[in-house]
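Below you'll find the structure, written out as C-alpha cells, and then a few comments.
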Amino acid sequence: MRELIEKVGDSQLDLQEDSSSLIHLAYYDTASFSSGEEIITINDVLNSEKIFVDETDESSESQVVRVNENFTFKYPAENNEQIDSIFYKAGEMVLTVTSFLAHDLTYDIQIVNTRKVSDNSFVTFAGDLSANSSKSSSIDLTGYKTLLSFSEENGNVFGLDADISIFVGPNESIPENDSIDITLRYQNQEFNLIYGKFGQDTLNVGNETLDVKFFSDLGESGLRFGSPEINFNFTSTFGLPLGILFNGMYGVDSTENGIDTVYLTGDAATIPQLIEGATSPGDNISSRISLNPNNSSIRDLLGVSPNTIGFSLTSITNPEDPTLSNFVIDSSKISTTIEMKLPMELSLDDLTQEVGFDLGDGLEFDAADSVSLRIVADNGFPFSASVKLSIVDENDSTLYSVPFVLVLEAPFLNLQGLVTQSRRQVSDIPINKSGVDALGIGSRLKLILTLNTPSSNREIFVKILADYRLDAKVSVVGKLSIDL
C-alpha cells in the first residue's frame, strides 16, 4: 500500500502512519487574506458653516468687532462606524475662509481634535483677509491624529473654534446679514491606525485554491473518507474578531459531463467560525478552525474526488458582540496554513480507475484461435475489484472489449474491521479470435477497474493499513488451430 500511494508523486502530499499502521494522507498549503479597506472606509470629509455677523451702527471712531464661534463638525465613515481616533499616514487638511464683509479681518481658527502625534499640539490656522475676499490654507496630515466623539444623532464629531476680529473704520457700519463662510476639508487620507467600534459587516476574505493531485487519477466519484479533516490555523493582526462562514468552500472536478462543483454545507457553512482579534497594534493572534464530518459535509465535498478545493469565504466582523472596541492597522491581514488530513478509513462505491498498457506495434499470436488472460490474486485489501478490458487504437477507438469480470474478492474482516487473511480469486478473461486480431493491430490495452468495499444497510468505512498487500500473477494461454 505504501508503494501505491508513493507513486502518486505529489510534492504536497505527506504520507504518515499511526501506531496501528493506519495510513494518513496530509496536504498542506498557505493562504493570505486582507480586507482592511472593506472593514472601514473613510472618504473625503467636508464641513461648512456660515457666520452671520451682528449688525453694527456707524461710529466716529474705528471699531474692532470680535466674533467667537464654536462649531461641531461631522467626520463620517462610509458605513456609519463609530470612530474613536485616526492616525494618518498621508492626507491633507484644507481650510477656506471667505468674507462677504466690506471690511478687513483677521482670524484664528483652532481644530483641537486634530493633533501632532509627536508633541500633541493641535492644528491652528491664523491669517488676515481683505474685504470681500477668500483665502485657503492647508497642512499635511502625515504624522497627525484626529480624536473624535460620538453621538447617536450626529455620529462621529469634532470641534472647530473660530476667533475673528473685524476692523470697522470711522463712520462705517456692518449691515444686517453680512457673513463669513468657513469650509474645512480632510482629503486623500491614508491611515496607519484607526480605533473605534466597527459593528457587524459582512466581508469577502479572498479567493484561494488548493490543488489536490491525489484525486486526479481517481474516478469521478465513489470514494468517501470516514474521518476527513481540513484544519485552518489562522494568524490575524486585525484588532477585531471575525466569524468565517465556509458556505463558499467548494470542490471542483472535471467529469465527462463537464465541471462538477460541490459546495460545503452544514453548521460550518451557516454558523460563523471564530477567528480571534489581536489585542494591540502590531500583535497577532492565532485561531484554529477544523472542518470535519460533525460540523460540515466534508465527506460529500471530497466524495467528488476534487482536483481543486476553493475557498471563497465570507466573514462577519464582531460576530458575537457588535459593540466591541476595535482597531485596524494599514498592514492588517489574515494568513493561514491549510492542513487536509485524510485517514485512510474509506468507503468505495463503484470507484473507477483506468490503467493502460502500451502494446507497441501490436502483439502477434500466430495460429491462435483465442487467448485467455488468467489472473490469480491473493487480495489483502478490504475491497473487491472488477475489470473491463478494451483494446484501443492510436485514436483511442475501441477495437475489442470484454465485459466486467471479478478479479479481486474482498477478504473477510474481523470485529475491528481489519483484514487478517488474504483472499484468493482466480479469474479468466477470454479473448476470442476478434480480440486476438485486435491485439495484433492495437496500440494500447485499457483496463477499467471498478472498486467496492463491503456494503450493508449502513455506511461502512474500512481501514487501509500500510502493510496490506496484493499478490497477483498474470498468465496468457493461447488456443491453437492446427491443420493435421
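- Arg224 meets the salt bridge (Lys or Arg N to Asp or Glu O under 4.0 Å) test with Asp300, Glu459; sequence neighbours excluded.
- Take Asp378 and apply the salt bridge (Lys or Arg N to Asp or Glu O under 4.0 Å) test, not counting sequence neighbours, and it matches Arg424.
- Phe73 meets the ring pair (Phe, Tyr, Trp, His ring centres under 6.0 Å) test with Phe158; sequence neighbours excluded.
- For residues 234-247, there are no salt bridge (Lys or Arg N to Asp or Glu O under 4.0 Å) pairs, not counting sequence neighbours.
- A donor atom on one side chain and an acceptor atom on the other are not found under 3.5 Å apart for Ser21 and Tyr468.
- Contacts classified as salt bridge (Lys or Arg N to Asp or Glu O under 4.0 Å) and involving residues 434-448 (residues at least two apart or in different chains) are given here: Glu354-Arg444, Asp396-Arg444, Asp396-Lys446, Lys433-Asp437.
- Contacts of Tyr400 classified as ring pair (Phe, Tyr, Trp, His ring centres under 6.0 Å), with partners at least two apart in sequence or in another chain: none.
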Would you give me the side-chain donor-acceptor pairs under 3.5 Å for residues 280-292, sequence neighbours excluded?
| residue | atom | partner | partner atom | Å |
| --- | --- | --- | --- | --- |
| Ser280 | OG | Asp283 | OD2 | 2.5 |
| Ser287 | OG | Glu276 | N | 2.9 |
| Arg288 | NH1 | Asn233 | OD1 | 2.7 |
| Ser290 | OG | Asn231 | OD1 | 2.7 |
| Asn292 | OD1 | Asn294 | N | 2.8 |
| Asn292 | OD1 | Asn295 | N | 3.3 |

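- Relative orientation of the Tyr250 and Tyr263 rings is tilted, given thresholds of 30° and 60° on the angle between their planes.
- Between the side chain of Gln200 and the backbone N or O of Asn318, at least one donor-acceptor pair lies under 3.5 Å.
- Put simply, the side chain of Ser443 never gets that close to the backbone of Val392: no donor and acceptor are under 3.5 Å apart.
- Lys89 meets the salt bridge (Lys or Arg N to Asp or Glu O under 4.0 Å) test with Asp330; sequence neighbours excluded.
- Residues that satisfy the side-chain contact (heavy atoms from CB on, under 4.5 Å) test with Pro272, not counting sequence neighbours, are Leu245, Ile316, Pro319.
- Listed by chain and residue number, nothing satisfies the ring pair (Phe, Tyr, Trp, His ring centres under 6.0 Å) test with Phe87 (two or more places apart in sequence, or in another chain).
- Within a 6.0 Å radius of NZ in Lys341, other residues, nucleotides and ligands contribute 12 heavy atoms or fewer.
- Not counting sequence neighbours, Asp18 has no partner by the salt bridge (Lys or Arg N to Asp or Glu O under 4.0 Å) test.
- Screening residues 408-418 for salt bridge (Lys or Arg N to Asp or Glu O under 4.0 Å) gives Glu409-Arg423 as the qualifying pairs, with residues at least two apart or on separate chains.
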